[in-house]
Amino acid sequence: MSEHNRIFIGGAFLAGILVTIAIKELHRQQFGAAPINQPKQSSLSSDDEDLLNSVRSGPPAIVEGVEGCIGNTPLFRIKSLSDETGCEILAKAEYLNGAGGSPKDRVALSMIQTAEGDGSLRPYSGDVIYEGTSGSTGISLATLARARGYLAHICMPSDQAMEKSDLLLKLGAVVDRVPPAPIVEPGNFVNRARALAQARTNSNQESPSKGSVAGSGQLTSTNPTSEAGAMSGRGLFTDQFENIANFAAHYNGTGPEIYAQCGGKLDAFISGAGTGGTISGVARFLKPRLPNISIVLADPQGSGLYNKVRYGVMFDVKEREGTRRRPQVDSIVEGIGINRLTANFEAGRELIDDAVRVTDVQALAMARWLVEKDGIFIGSSSAVNCFAAVKTALKLGPGHRIVTVLTDSGTRHLSKFWAQAGNVGGTVDTKLEDVLNATDSA
């Protein structure tokens with residue numbers, strides 16, 4: 001072989017090595033692989049390593065049905081709030097769950113699967129799912145009921161946003177909008193759902209006739225394939241407030257996802273509580289792994305949970321006899337805030353370190369801020385969570401990582417919460433101190 005050929009072959013070999021290195025480096029930059037020859041550094045246990053590896057990354061795989069679109073929601077940095085506070089404020093985008101568009105997708109699926117496992121529900125048998133809900137759980141249950149061979153009958157307070165019940169009707173659910181009433185009264189929306197489920201199971205016959213619900217005189221389904229057409233099915237009251245499958249959904253899903261997405265590094269978790277499943281489930285997962293994490297309840301005005309966490313007493317000044325404008329919680333915020341202790345809230349109450357009270361006007365101001373500064377359009381409970389996250393960030397000081405939950409889109413709150421919030425407008429320059437100091441001008 002000539003000297004010229006030897007040089008040519010040697011050069012080609014060297015070029016091949018360089019190309020291979022370049023391709024590997026390009027792959028690392030695009031897909032986040034570990035840099036070449038850099039040892040993996042980790043202080044996590046083998047179980048936690050498995051957990052981190054179990055969270056989906058990259059383009060999602062093909063999943064089975066709409067149920068497969070639940071979970072693994074994004075965690076993103078809220079730029080404006082992070083920049084203003086010096087903390088990293090991250091939002092778990094639960095409104096991107098792919099069935100009913102809220103964290104209640106996780107809860108509904110968990111409750112249905114648990115009932116299927118113990119024989120309380122049988123697909124395509126005419127069984128009907130009953131629930132008392134302010135809206136989001138009902139939407140998730142109605143969606144998943146159709147996907148798994150059931151019908152849904154939803155009872156909700158009549159003062160909730162109309163778009164929620166409208167959506168439920170489109171999903172083929174029977175809907176009762178009942179006057180708000182305390183939980184001790186039979187007419188309470190939760191008690192009504194429980195009673196209807198029991199009555200159906202006892203009779204094992206056809207429910208109220210098509211297009212009406214006995215005794216309510218409220219909105220109902222007029223779909224001929226709705227509950228009225230199911231002659232022999234039983235009724236199941238899913239009981240989201242007391243059913244521990246609610247708490248378990250967040251312990252097994254939301255908590256591990258947040259932990260994995262943060263690489264096991266976060267300083268505080270902020271959440272409101274309606275049933276209490278989210279804050280309890282996430283707290284019970286995170287606290288043993290991160291003993292110094294601060295679990296903070298975000299609570300709207302009129303709810304008793306703030307005082308229960310802070311002072312050990314379930315009482316709110318706006319709930320004094322003769323001062324209440326409505327029988328449950330004096331707030332325009334929907335989905336969180338309650339004046340009783342549920343099994344799901346009790347499951348994690350001892351792990352809650354602090355609570356932040358958020359007024360209606362503060363929630364409205366925060367919702368407008370997030371649209372103005374970040375283009376984030378959220379509902380009322382999410383605004384409460386974000387306000388409490390800012391208060392927690394200011395209390396902890398710069399350099400901390402805080403995670404909160406965005407529960408649903410503002411599109412479910414147009415007729416009530418956003419009707420009061422109004423249009424954000426064009427050129428505006430709101431200051432964060434204006435949001436924090438927002439007060440009722442009345």
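Only this structure's heavy atoms are used, side chains among them; waters, hydrogens and symmetry mates stay out. None of these values were measured; they are calculated from a predicted model.
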Mind checking salt bridge (Lys or Arg N to Asp or Glu O under 4.0 Å) for [X] and listing every partner two or more places apart, or none if nothing turns up?
X	value
Lys308	none
Glu334	Lys164, Lys416
Asp374	none
Glu64	none

Which word best sums up how the rings of Tyr251 and Phe247 line up, parallel for under 30°, tilted for 30 to 60°, or perpendicular for over 60°?
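It falls in the tilted class, 30° to 60°.
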So for atom CG, which belongs to Asp118, do other residues, nucleotides or ligands contribute more than 12 heavy atoms lying within a distance under 6.0 Å?
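Yes, because the 6.0 Å sphere around CG of Asp118 holds more than 12 heavy atoms from other groups.
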Return yes when atom CD1 of Ile244 has more than 12 non-hydrogen atoms of other residues, nucleotides or ligands closer than 6.0 Å, and no otherwise.
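No, because the 6.0 Å sphere around CD1 of Ile244 holds 12 heavy atoms or fewer from other groups.
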Where the side chain of [X] meets the backbone of [Y], is there a donor-acceptor pair that is under 3.5 Å apart?
X	Y	value
Asn307	Val313	no
Asn252	Ala248	yes
Asp353	Ile295	yes
Asp105	Ala99	yes
Asn97	Gly71	yes
Glu131	Asp239	yes
Ser82	Ile89	yes
Asn385	Ala298	no
Asn191	Glu185	yes
Asp127	Arg234	yes

Quick one: is the NZ or CZ of Arg340 closer than 6.0 Å to the six-membered ring centre of Phe241, and within 45° of its axis?
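Satisfied, under 6.0 Å and within 45°.
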Looking at Tyr150, does the NZ or CZ of Arg148 lie under 6.0 angstrom from its six-membered ring centre and within 45 degrees of the ring axis?
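Here Arg148 fails the 6.0 Å and 45° test against Tyr150.
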[Y]/[X] salt bridge by N-O under 4.0 Å criterion:
X	Y	value
Lys170	Glu163	no
Glu88	Lys265	no
Asp267	Arg401	no

Carefully, step by step, assess Gln240 and Thr275 under the rule side chain to side chain donor-acceptor pair (under 3.5 Å).
CA-CA 7 Å; Gln240 61 165 329; Thr275 64; 4.8 Å; no
Go through the steps for Thr430 and Arg368 under the test side chain to side chain donor-acceptor pair (under 3.5 Å), then give the verdict.
CA-CA 9 Å; Thr430 306; Arg368 290 172 57 89; over 6 Å; no
pair [X]-[Y]: side-chain heavy atoms closer than 4.5 Å:
X	Y	answer
Lys92	Thr73	yes
Phe417	Asp360	no
Leu168	Ile139	yes
Cys386	Ile78	yes
Leu141	Ile112	yes
Leu406	Phe76	yes
Ser303	Ser331	no
Gln160	Ser165	no

Could you report the tightest heavy-atom contact between Asp408 and Ser381, atom names first, then the distance?
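So the minimum-distance heavy-atom pair works out to OD1-OG, 4.4 Å.
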What heavy-atom pair brings Gly255 and Val282 nearest, and what distance separates the two atoms?
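Gly255 and Val282 have their closest heavy atoms at N-CG2, 4.0 Å.
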Set of residues satisfying ring pair (Phe, Tyr, Trp, His ring centres under 6.0 Å) with respect to Trp418, sequence neighbours excluded
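Expected list: Phe377.
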Any chance the side chains of Thr342 and Asn344 put a donor and an acceptor closer than 3.5 Å?
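Result is no, nothing qualifies.
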Do Thr407 and Ser102 pass the side chain to side chain donor-acceptor pair (under 3.5 Å) test, and can you show the C-alpha distance, the side-chain angles, and the key distance before you say yes or no?
CA-CA 5 Å; Thr407 55; Ser102 82; over 6 Å; no
With a cut-off of 3.5 Å and sequence neighbours excluded, list every side-chain donor-acceptor pair involving residues 388-399.
unit_1 : atom_1 : unit_2 : atom_2 : d
Thr392 : OG1    : Ala388 : O      : 2.8
Lys395 : NZ     : Asp354 : OD2    : 2.7

